[in-house]
Structure formats: C-alpha cells, structure tokens
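Every number for a ligand or one of its atoms is a count from 1 in the order of the listing.
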Amino acid sequence: MLELEKVEAARRRRVRIGSLTIGAGRPVVIAGPCAVEPGYVEQARALARTGVDALRACVYKPRTRPESFQGMGMEALPLLAEARRHTGLPLISEVLCPEEAEALADHVDGYQVGARNMQNFRLLEALGELHRPVILKRGFGATIDEWIGASEYLRRRGNDEVVLCERGIRTFEPRTRNTLDLSAVVVVRDLTDLPVIVDPSHAAGNRRWVPALGRAALAVGADGLLVEAHPEPTTAWSDAQQAIDLETLTGLVQSARRSQAAPS
Ligand code: PEP
Ligand code: MN
C-alpha cells in the first residue's frame, strides 16, 4: 500500500471547467449522451433545459470491440461548436491519446480519461503538460491507491485541475455492469484534496438503477455526478441501455440542488 497521509488542507480544491466550479460545496451535474452523434446539437439544447451544469461531449470512444461505433472524431467539431454556442455550457470530452487531446484543445473545456486509460501514464503526463482540467475515472480493476497514484502523474507535471470520478469496479457480481464503490468517495475525499464525482451510469449499466445510485452518491457527499442522458434513450448510438431520459435527469438535477457536498 502507498503511504497516503490524510489531507491536511483546510479546503477541498476547487477545479474549474469553463464556467463550472467543482469542489465548492454545491454538487454539480454533468450529463449527455455516451457519445456525440449526429443529433447532438438538438440533444444538447434539450439537456441544457434540465439545468445541468456541463455536457458530456465525447467524440472518441474506447469500445470493447473494434466493429462498434468508435465516435465521430473530428467530424463532430462543428456540432461541438454549435452546442457550445446554443447552450453556453462547458463541454467535456474523453481522449485516448495525447494527439486527440491536442486536437480537441480549442474545442472543449475539459478532458475525461476513461477507466481503461486510468494508468496510461504517457497520456496522463501529456495532459499534465496541457494544463487543462481532467476528469480521471477510476479503472474498473484499480485500487484507491492506484487511482490516486494515477492522479499524481497529472499533478507532478503541474496540473492540479483534476477531478476524480468513481464509476464502479469489477467484482463477482454480474447483475450490475460494475459495482459502485461508494466507500471510495468517502475514503478518497479523506485522502486527497481533489473533488470526487460519481458516474452511476457505467456502474449500473441499466437506466432503471441510475437515479437511486446517483442519489446515493449525493448522500455520501460526492462533489457531483457524471450521467449518461439522452432525449430518446433507446436510440442512443452507444450505451443506450443505461441512458436516462430528460425527465429523470431533471429529477436528479433537483436532487443535486437540494444536496450539499460533504465538508472537506
Ligand atoms: C464513458 O464515460 O462513456 C466511458 C467509456 O466510461 P468508463 O471509462 O468509465 O467506462
Ligand atoms: Mn458510455
């Protein structure tokens, strides 16, 4: 085990992603389809009306199988620009390698490093050098210490704009896509000064269970939620089974507004 000291910092670090601040005590909601797809601009406008704080805007997707939709790539840039213009919301996009991060630098407000790339150290170092905010997901086979260790690769390069995201780990239980480790939220907030958000979508793998897990995350003091949502969930180009509809998302946003992140 790494030797991790309990953080003495009086306050949780506040991470800014465009106009959004994470870690200031008010839990945030970041939502959107799993991947940017051709109808994204209209989807973004509808999502914005639910009151979300930022939009998922993933144009590169790490898929288990190569024949699955891999994301629209750079073809999606005009859609990102339009979504930004219409909604004014910050955009967050997953990147799989340093070249993708550089290509998107002027088009998104923050990056996501997915579970499969949590220990892609060259990617983390490159994002450390770019000094742009990063949401670092927990690998589904990673311990808390390995996850915090991965965040240090960004911070060692001078980038402290890091938000940790618990998204479920792989256990013996196959009923859910992953097992949401809510303990990690409590423990990591104790061990680091970084804000911690929760993705209930990739944990549940089924839209029916997403709202309850999201509310549970808020109850343990998470600094926010990252949720897959779509105006017509069953038509989503990827992860359709776990996307929630806009009415459900509105309810989650209201729950977040009534919540307070746990004190530092
Ligand atoms: C995603 O957010 O769509 C995603 C691929 O998540 P994860 O890396 O947590 O599997
Ligand atoms: Mn997804």
- Item | N-O pairing of R65 and E67 below 4.0 Å | yes
Rounding to 0.5 Å, atoms CG (L246) and CG (L252) come to a distance of 12.0 Å
With H202 as partner, the option from R167, Q242, E166 fulfilling side-chain hydrogen bond (donor to acceptor under 3.5 Å, both in side chains) is Q242
Would you check the N or O atoms of K61, main chain and side chain alike, for any that come under 3.5 Å of an N or O of ligand 1? yes
Taking only non-hydrogen atoms of E228 and a 4.0 Å limit, the atoms of ligand 1 in range are 1 (C), 3 (O)
In one Ile/Leu/Val/Met/Phe/Trp/Tyr side-chain cluster, 4.5 Å: F140, V196: no
* Asked: Does C58 bring an N, O or S atom to under 2.8 Å of the Mn ion (ligand 2)?
  -> no
Query raised in the report: Any Lys/Arg nitrogen of R12 or D193 sitting under 4.0 Å from an Asp/Glu carboxylate oxygen of the other?
Result: no
Among R138, M118, R167, the residue with a heavy atom nearest to atom 10 (O) of ligand 1 is R167
Open item on the list: Check this for me: does any side-chain nitrogen of one of R138 and D199 sit under 4.0 Å from a carboxylate oxygen of the other?
Closed with: no
Here the N/O/S atom of H202 closest to the Mn ion (ligand 2) would be NE2
heavy-atom search around atom 4 (C) of ligand 1 in the protein gives H202 NE2, 3.3 Å
for atom 6 (O) of ligand 1, nearest protein heavy atom and its distance come out as K137 NZ, 2.9 Å
For the Mn ion (ligand 2), the nearest N/O/S atom on E228 is atom OE2
So the atoms of ligand 1 within less than 4.0 Å of a heavy atom of C34 turn out to be 3 (O)
Answer key: the N, O or S atom of D239 nearest to the Mn ion (ligand 2) is OD2
**Pairing of D239 and R177 as salt bridge, 4.0 angstrom limit** = yes
Is there a polar contact between ligand 1 and E94, counting only N or O atoms under 3.5 Å apart?
no
Shortest non-hydrogen pair, A35 vs S238, comes out as CB-OG, 3.6 Å
Here the atoms of ligand 1 under 4.0 Å from any heavy atom belonging to G114 are 8 (O)
query = With the threshold set at 4.0 Å, does a side-chain nitrogen-carboxylate oxygen contact exist between D109 and R132?
reply = no
Say whether A115, considering both its backbone and side-chain N or O atoms, lies within less than 3.5 Å of an N or O atom on ligand 1.
-> yes
Contact check: D239 vs ligand 1, nitrogen or oxygen atoms, below 3.5 angstrom:
no
